[in-house]
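First up is the structure itself, then whatever we jot down about it.
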Amino acid sequence: MRRSIDLDPGLPLLPALLREEEQFLFRRVADQQRTVLCVGEQEVLPGPPCDLHGPVNDWCTLSIDYEWLLPDGSEAPHNDGAPCVRWTRPRWVVDRHPDRAVLHVHPDSGVDPADLAHRLVTGIHDPGERLETDWKLTTDKATYLANVELLLRHVQRGDIYEVNYCTERTALWPQLEPYVAFLRLLQRSGAPFAAFHRLGDRFVLSASPERFLAFDGPRVVGEPMKGTRPRSPDPDTDDRLRQELMSDAKERSENIMALDVMRHDLSRIADRASVVVNELCAVRTYPRVHQLVSTVSARMAPGVTVEQVVRAAFPMASMTGAPKERAMELIAGVEGAPRGAFSGTLGFFAPDGTADLNVVIRALVFDRRTGVVSLRTGSALTALCDPAAEWEECQVKARSVIDALAHA
């Protein structure tokens with residue numbers, strides 16, 4: 001049983017003591033006005049801490065790299081020397097809502113809750129300096145367009161209907177301060193499902209606008225997101241862009257294809273006749289982009305575990321394509337390098353039956369040992385797409401992260 005004490009909900013989102021921690025996960029869940037900070041690894045688990053077919057009975061975190069499940073459904077245990085999937089039991093957790101915040105400390109952690117609460121009041125400070133570096137595209141425009149042409153031939157033959165093709169930027173940025181960079185992303189992007197994950201020298205900073213799965217008892221919700229427009233400072237232009245996204249046949253087609261794949265995935269673990277589309281092609285507006293999002297929910301069938309739900313739906317349809325397995329094979333062929341944390345998920349499970357897993361996009365992946373930082377962006381390709389416009393969409397998504405970093 002964890003020891004719990006109430007905290008001031010106005011505490012800083014990123015306390016300064018995180019600089020001393022080798023492992024932690026911060027997650028924002030904006031539609032619940034909630035943030036969760038899970039710190040340390042009291043225990044690395046083989047799966048979620050629950051009784052057989054029962055609810056999760058303690059706090060745990062989950063991180064999954066894109067390569068966890070191969071197209072044939074088998075597991076890839078490691079990616080570049082690191083495990084592809086990690087369930088952990090944190091030493092302590094801060095669960096914060098607008099009117100309350102609670103510190104939960106594992107009884108065997110050796111942490112004194114009162115002392116820890118006293119140390120949580122000091123936050124990480126953003127000095128306001130510009131965060132800029134020289135980015136290099138690993139795939140130039142000509143190569144990108146050639147790969148798009150190849151993928152579209154598979155669409156025309158009927159091998160696939162949709163595929164998410166991503167490109168990468170890298171930079172040598174040893175002086176990057178990941179804590180300040182993430183604060184900047186939070187403030188400038190307004191990302192509803194943002195995540196900051198540290199595992200030793202690897203940092204993932206995700207200004208994610210997309211939810212993968214959310215749980216509330218036996219109810220599970222997925223929110224596939226496809227379709228993007230940039231924001232404009234001019235209100236009339238901004239409204240036009242929003243309306244354009246809402247009515248664009250190509251964008252709606254992409255979104256519905258991803259929705260159909262997730263509906264199929266959830267039907268494999270759902271109680272009979274419980275899969276419901278709650279929202280179809282809704283526009284959600286964030287500080288830098290408009291996004292097209294659909295929502296599907298289901299009730300888990302008796303005897304199904306949360307791990308089985310995650311396995312059934314991963315990797316998420318919005319980052320693969322349709323059919324998912326063939327799209328993944330083609331992605332591996334054209335991208336040429338593992339995605340790693342990008343297109344994976346970061347999230348938490350709480351003992352009250354709630355959980356939230358995001359989609360790791362709009363993300364910096366930083367290796368402190370080498371000083372290399374990676375930024376991947378992508379878009380969905382269908383028979384209706386314009387390859388040049390898809391290239392521009394990738395640039396818009398990358399600029400939303402790069403510009404947020406540069407401006408305090």
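Keep in mind that this is a model prediction, so the values were computed, not measured.
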Distance-minimising heavy-atom pair for Met319 and Ser343:
CE-OG, 3.2 Å
Where Val155 and Ala383 come nearest, the two heavy atoms and their spacing:
CG1-N, 3.8 Å
The criterion is salt bridge (charged side-chain N to carboxylate O under 4.0 Å, His left out); which residues satisfy it with Asp216, sequence neighbours excluded?
none
Does either side chain, that of Asp352 or that of Thr354, offer a donor lying less than 3.5 Å from an acceptor on the other one?
yes
Measure up the Phe348 and Trp59 rings against each other and bin them: parallel (under 30°), tilted (30 to 60°), perpendicular (over 60°).
tilted
May I have the step-by-step check of salt bridge (charged side-chain N to carboxylate O under 4.0 Å, His left out) for Arg362 and Glu210, ending in yes or no?
CA-CA 10 Å; Arg362 314 293 199 275; Glu210 184 174 2; over 6 Å; no
Separation between CG (Leu364) and CG (Leu405), nearest 0.5 Å, reads 5.5 Å
Electrostatic pair Asp6:Arg100 at N-O distance under 4.0 angstrom
no
CA sep, side-chain torsions, deciding dist, call: Thr377, Gln395, side chain to side chain contact (heavy atoms under 4.5 Å, CB included):
CA-CA 8 Å; Thr377 53; Gln395 311 319 303; 5.8 Å; no
Looking at every heavy atom in both Ser208 and Ala191, which two are closest together, and how far apart are they?
O-CB, 3.5 Å
For Leu241 and Pro230, which heavy atoms make the closest approach, and how far apart are they?
CD1-O, 3.1 Å
Please report the interatomic distance CG(Leu14) to CZ(Arg19), rounded to the nearest 0.5 Å.
9.5 Å
Check the surroundings of atom CG in Asp134: do more than 12 heavy atoms from other residues, nucleotides or ligands lie under 6.0 Å from it?
no
Take the angle between the ring planes of Tyr179 and Phe203 and call it parallel below 30°, perpendicular above 60°, tilted in between.
perpendicular
Under the side chain to side chain donor-acceptor pair (under 3.5 Å) test against Thr228, which residue among Glu254, Glu251, Gln291, His290 passes?
Gln291
Run the salt bridge (charged side-chain N to carboxylate O under 4.0 Å, His left out) test against Asp58 and tell me which residues pass, sequence neighbours left out.
Arg2, Arg89
Would you check if there is a donor-acceptor pair between the side chains of Thr382 and Glu162 at a distance under 3.5 Å?
no
With a 4.5 Å limit on heavy-atom distance, are the side chains of Leu37 and Pro15 in contact?
yes
Go through it in stages, so that I can follow the logic: the residues are Glu244 and Arg229, the test is salt bridge (charged side-chain N to carboxylate O under 4.0 Å, His left out), and I'd like the CA-CA distance, side-chain angles, deciding distance and then a yes or no.
CA-CA 8 Å; Glu244 180 183 287; Arg229 287 292 188 279; 2.6 Å; yes
Using a 3.5 Å distance criterion without hydrogens, assess whether the side chain of His106 forms a donor-acceptor pair with backbone atoms of Asp108.
yes
Residues Ser318 and Asn164: closest non-hydrogen pair is O-ND2, 3.3 Å
Heavy-atom side-chain proximity of Glu168 to Arg376 below 4.5 angstrom:
yes
Nearest 0.5 Å, please: how far is CD in Glu279 from OG in Ser297?
11.0 Å
Taking the inter-plane angle between the rings of Trp87 and Phe349 on a 0 to 90° scale, is it parallel (under 30°), tilted (30 to 60°) or perpendicular (over 60°)?
tilted
Looking only at heavy atoms, the pair that brings Pro323 and Tyr161 closest together is CD-CD1, 4.0 Å
Which value, rounded to the nearest 0.5 Å, describes the distance between Thr139 atom OG1 and Leu145 atom CG?
11.0 Å
SB check Asp236 Arg242 (cutoff 4.0 Å)
no
Is it the case that atom CZ in Arg263 sees more than 12 heavy atoms from other parts of the structure closer than 6.0 Å?
no
Side chain to side chain contact (heavy atoms under 4.5 Å, CB included) between Val85 and Leu62, worked out
CA-CA 7 Å; Val85 58; Leu62 175 62; 3.8 Å; yes
Test item: side-chain donor near acceptor, Ser274 and Asp271, under 3.5 Å
no
Let me see the working for Asp159 and Arg153 under salt bridge (charged side-chain N to carboxylate O under 4.0 Å, His left out), right down to the final yes or no.
CA-CA 9 Å; Asp159 297 339; Arg153 285 202 293 270; over 6 Å; no
Take Lys324 and Glu329 through the salt bridge (charged side-chain N to carboxylate O under 4.0 Å, His left out) test and state the conclusion after the steps.
CA-CA 9 Å; Lys324 184 187 288 189; Glu329 292 172 353; over 6 Å; no
Hey, what do you get for CD (Gln187) to CZ (Phe182), rounding to the nearest 0.5 Å?
10.5 Å
Hey, are the side chains of Leu213 and Leu266 touching, using non-hydrogen atoms and a 4.5 Å cut-off?
yes
Using a 3.5 Å distance criterion without hydrogens, assess whether the side chain of Ser253 forms a donor-acceptor pair with backbone atoms of Ala249.
no
Hey, does Arg169 have a side-chain heavy atom less than 4.5 Å from the side chain of Ile402?
yes
Heavy atoms from other residues, nucleotides or ligands near NE2 of His154 exceed 12 (cutoff 6.0 Å)
yes
Salt bridge between Glu223 and Arg284, side-chain N to carboxylate O under 4.0 Å?
yes
Measure up the Trp135 and Trp173 rings against each other and bin them: parallel (under 30°), tilted (30 to 60°), perpendicular (over 60°).
perpendicular
Can the positive tip of Arg339 be found less than 6.0 Å from the middle of the six-membered ring of Tyr66, inside 45° of the ring normal?
yes
Could you please spell out the steps behind the side chain to side chain contact (heavy atoms under 4.5 Å, CB included) verdict for Phe215 and Met300?
CA-CA 10 Å; Phe215 293 80; Met300 295 162 57; 4.0 Å; yes
Short side-chain donor-acceptor distance under 3.5 Å, Glu390 and Ser379:
yes
Only one of Arg91, Arg198, Arg86 forms a salt bridge (charged side-chain N to carboxylate O under 4.0 Å, His left out) with Glu41, so which one is it?
Arg86
Applying salt bridge (charged side-chain N to carboxylate O under 4.0 Å, His left out), name anything that partners Asp367, two or more places apart in sequence or on another chain.
Arg369
CD of Glu132 to CG of Asp403, rounded to nearest 0.5 Å, is 9.0 Å
Let's go through Asn358 and Thr345 carefully: what are the C-alpha distance in whole Å and the side-chain angles of both, what is the deciding distance for side chain to side chain contact (heavy atoms under 4.5 Å, CB included) to 0.1 Å, and is it a yes or a no?
CA-CA 5 Å; Asn358 76 349; Thr345 187; 3.9 Å; yes
Hey, are Lys397 and Glu392 close enough for a salt bridge, meaning a charged N less than 4.0 Å from a carboxylate O?
no
